[in-house]
Amino acid sequence: MRSARANRTKAERLAAATLETLLNAIDANDTVTGAHVRRVATYALILGEAAGYDERVQRSIERVALFHDVGKLHEALTDIFHDKAKLTPEERRAVMTHPQRGAEVLLPLSAFYPDLGKGVAAHHERWDGTGYPRGLKGKRIPLAARVVAIADSFDAITHRRRYSHARSFSEAAKAIAEGRGTQFDPELVDLFLNPPVLKKIERAMRQANAPQRKQQNRRRGENQPVPDLTFRWRQRSNGPRSPDRLP
Ligand SMILES: [Fe+2]
């Protein structure tokens, strides 16, 4: 007879596999977003590690980073996000619904990951209370969302988007510094700008953009570089295993 603990562990693994399946679905739908969320997870974890968060908090940050933009896949938004034309005010309002839509997609997982939906819903909140959707202020914004907000902005600045060319690493660092205490949690910004942490971020960025990796991705039919730092608690080397054989 299986113990309650063994059953719980199996349920947690099933929930993690469900998240990985959802990440695969994001990739299948939109490789650009798939690559973006992985890079954001990489930067967010570097920042979380610098802050000294324990494994539980780090996993929570990683999940919020990986699924922060899942709401963009909503049918009502997908054309807007793929359209190269300038956003109309109405489209801009629609885009601003993606955090809440993402939280709704993730709602069935709230029993397993109670922080996930709240973090995803809050990733465009700002430290000074002028963000969306709720105008949360300061530490009322969930921690994972505060971490992801910095990583997300950094990645948005260093990658080409509809209207802006990719800017350099130092320009991105400067933009993060400028958001200290207005857009971003000031303590987290200080950590992010700490030279050893910045160095790690820069290394991770270069790795994600490495020509070698681009070539590999091209061979696999992908346009975007995809770092491998996701779902570290799963052993990926031998492919999926049966739940009973998972470590
Ligand atoms: Fe977003």
Side-chain angles (χ1 to χ4, degrees), residues 14-45 59-125 131-134 142 144-145 147-164 208 217 220-231 234 240:
L14 179 59
T18 305
L19 285 183
E20 191 161 8
T21 303
L22 183 56
L23 188 64
N24 287 343
I26 293 173
D27 277 334
N29 181 279
D30 180 354
T31 52
V32 173
T33 298
H36 163 67
V37 299
R38 284 178 164 85
R39 290 191 304 269
V40 171
T42 304
Y43 305 142
L45 285 171
R59 285 187 186 189
S60 171
I61 289 170
E62 183 178 37
R63 285 190 288 266
V64 171
L66 288 172
F67 298 105
H68 73 278
D69 273 345
V70 71
K72 285 185 180 175
L73 303 188
H74 195 281
E75 187 194 11
L77 306 182
T78 187
D79 286 350
I80 299 175
F81 276 107
H82 288 104
D83 189 356
K84 296 275 184 284
K86 191 170 181 177
L87 288 181
T88 65
E90 192 187 338
E91 286 172 334
R92 192 168 294 281
R93 274 195 298 279
V95 163
M96 288 170 72
T97 64
H98 80 272
Q100 197 52 43
R101 290 184 193 272
E104 283 161 18
V105 167
L106 297 162
L107 197 61
L109 285 164
S110 58
F112 297 101
Y113 306 120
D115 298 339
L116 178 57
K118 290 175 198 156
V120 166
H123 79 274
H124 282 287
E125 299 289 0
Y132 63 91
R134 296 176 63 200
V147 172
V148 168
I150 294 174
D152 186 23
S153 293
F154 176 83
D155 190 63
I157 296 165
T158 51
H159 273 77
R160 196 151 60 95
R161 294 242 160 159
R162 11 189 332 149
Y163 281 111
S164 51
N217 290 333
R220 284 169 22 209
E222 297 166 5
N223 298 322
Q224 294 292 315
V226 180
D228 292 327
L229 187 72
T230 53
F231 292 103
R234 290 220 34 210

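Counting from 1, the numbers follow the sequence of the chain as shown.
Minimum heavy-atom separation, A103 to V120: N-CG1, 3.9 Å. Residue A151 comes nearest to A44 through the heavy atom pair CB-N, 3.7 Å, listed as atom of the first residue, atom of the second, then distance. The two residues V148 and V40 have their closest heavy-atom pair at CG1-CG1, 4.1 Å. A121 and Q100 make their closest contact through CB-OE1, 4.0 Å (heavy atoms, listed as atom of the first residue, atom of the second, distance). Of all the heavy atoms in G119 and A145, the pair that sits closest is O-CB, 3.5 Å.
Contact annotation: the side chain of V70 never approaches that of V37 to less than 4.5 Å [non-hydrogen atoms, C-beta and beyond]. Residues H159 and V32 have side chains not in contact (no heavy-atom distance under 4.5 Å, counting atoms from C-beta outward). Using a 4.5 Å heavy-atom cutoff, the side chains of L66 and L19 are not in contact. Counting heavy atoms from C-beta outward, R63 and D115 have side chains that stay 4.5 Å or more apart. In this structure, the side chains of E104 and T97 stay at 4.5 Å or more apart for every pair of heavy atoms. In this structure, the side chains of L106 and L22 come closer than 4.5 Å at one or more pairs of heavy atoms. Put simply, the side chain of L14 does not reach to within 4.5 Å of the side chain of F112, judged on heavy atoms.
Annotation: ring-ring contact (aromatic ring centres under 6.0 Å, His included) contacts of H74 (sequence neighbours excluded): none. With sequence neighbours left out, the ring-ring contact (aromatic ring centres under 6.0 Å, His included) criterion links Y43 to F154. Judged as a side-chain hydrogen bond (donor to acceptor under 3.5 Å, both in side chains), and not counting sequence neighbours, S60 has no contacts. For the side-chain hydrogen bond (donor to acceptor under 3.5 Å, both in side chains) test, residues two or more places apart in sequence or in another chain that qualify with T33 are D30. Annotation: side chain to side chain contact (heavy atoms under 4.5 Å, CB included) contacts of T21 (sequence neighbours excluded): none. Applying the side chain to side chain contact (heavy atoms under 4.5 Å, CB included) test to R134 and every residue at least two apart in sequence or in another chain returns E125, L136.
In this structure, CE in M96 is found 14.0 Å from CD in E91, a value given to the nearest 0.5 Å. In this structure, L107 CG and L116 CG are separated by 10.5 Å, a value rounded to the nearest 0.5 Å. Atom CG of D69 is separated from atom CG of D152 by 6.0 Å, given to the nearest 0.5 angstrom.
For the ring-ring contact (aromatic ring centres under 6.0 Å, His included) with H68, the qualifying choice from H98, H36, H124 is H36, the only one to do so.
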